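First comes the structure, then the notes that go with it.
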Amino acid sequence: MGNAINHFEVNAKDAKKQQEFYGKAFGWKIDTNNPGGYGMADTGANGHGISAGIGTSPDGKTGTRVYIDTEDLEGTLKKIESLGGKTVLPPMQQGPVTVALFADPEGNVVGLAKGM
């Protein structure tokens, strides 16, 4: 069985402004009730689609990122590295999920997630 894309996020310089924009543009309810103010979007799609988040970019770069579901973050990163990719962020706990980031051979940064 393949690995599903289970989350995407919008990285922003001004997270509050971006959260307001996406909320108004698409009718999403954005929940920022957490210490970092990361906005989890309820798209109102009744179980269709994937989850979304809008938050401040940790490195100052804006853009979007997808997260791919995996039960074995370390094993997946080892496989990625054997194929020419690089680990950007080793596995770390983020609330109820564990995430990691890798760069593919062309430098695109993609997320891995366990527990979403």
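Any value given below was found using the heavy atoms of this structure, including those in side chains, with hydrogens, waters and symmetry copies removed. None of the values given here were measured: they were computed from a predicted structure. Position 1 is the first residue of the sequence; numbering continues from there.
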Given 3.5 Å as the limit, does a donor-acceptor pair link the side chain of [X] with the main chain of [Y], or not?
{"X": "Gln93", "Y": "Gly95", "value": "yes"}
{"X": "Thr70", "Y": "Lys114", "value": "no"}
{"X": "Asp69", "Y": "Asn3", "value": "no"}
{"X": "Gln19", "Y": "Gly37", "value": "yes"}

What is the minimum heavy-atom distance between [X] and [Y], and which atoms define it?
{"X": "Pro91", "Y": "Thr98", "value": "CB-CG2, 4.1 Å"}
{"X": "Val97", "Y": "Gly115", "value": "CG1-O, 3.3 Å"}
{"X": "Val110", "Y": "Ile68", "value": "CG1-CD1, 3.8 Å"}
{"X": "Gly39", "Y": "Thr32", "value": "CA-CG2, 3.8 Å"}
{"X": "Ala15", "Y": "Ile54", "value": "O-CG2, 4.2 Å"}
{"X": "Ala52", "Y": "His7", "value": "C-CE1, 3.5 Å"}

[atom1]/[X] to [atom2]/[Y] distance, rounded to the nearest 0.5 angstrom?
{"X": "Ile50", "Y": "Ile5", "atom1": "CD1", "atom2": "CD1", "answer": "6.5 Å"}
{"X": "Phe26", "Y": "Phe21", "atom1": "CZ", "atom2": "CZ", "answer": "6.5 Å"}
{"X": "Thr87", "Y": "Glu81", "atom1": "OG1", "atom2": "CD", "answer": "3.5 Å"}
{"X": "Asp14", "Y": "Ser57", "atom1": "CG", "atom2": "OG", "answer": "12.5 Å"}
{"X": "Glu74", "Y": "Leu112", "atom1": "CD", "atom2": "CG", "answer": "10.0 Å"}
{"X": "His48", "Y": "Thr43", "atom1": "NE2", "atom2": "OG1", "answer": "10.0 Å"}

Flag yes if [X] and [Y] sit in one hydrophobic cluster, no otherwise; membership is Ile, Leu, Val, Met, Phe, Trp, Tyr, and two members link when side-chain heavy atoms are under 4.5 Å apart.
{"X": "Met92", "Y": "Tyr67", "value": "yes"}
{"X": "Trp28", "Y": "Val66", "value": "yes"}
{"X": "Val88", "Y": "Ile80", "value": "no"}
{"X": "Val99", "Y": "Leu101", "value": "yes"}
{"X": "Val10", "Y": "Met40", "value": "no"}

Within-4.5 Å side-chain heavy-atom neighbours: Lys61 and Asn11 |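 A side-chain contact is absent here, since even the closest heavy-atom pair is not under 4.5 Å.
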Can you list the steps and then say if Tyr38 with Gln94 is a side chain to side chain donor-acceptor pair (under 3.5 Å)?
-> CA-CA 11 Å; Tyr38 186 80; Gln94 291 285 326; over 6 Å; no
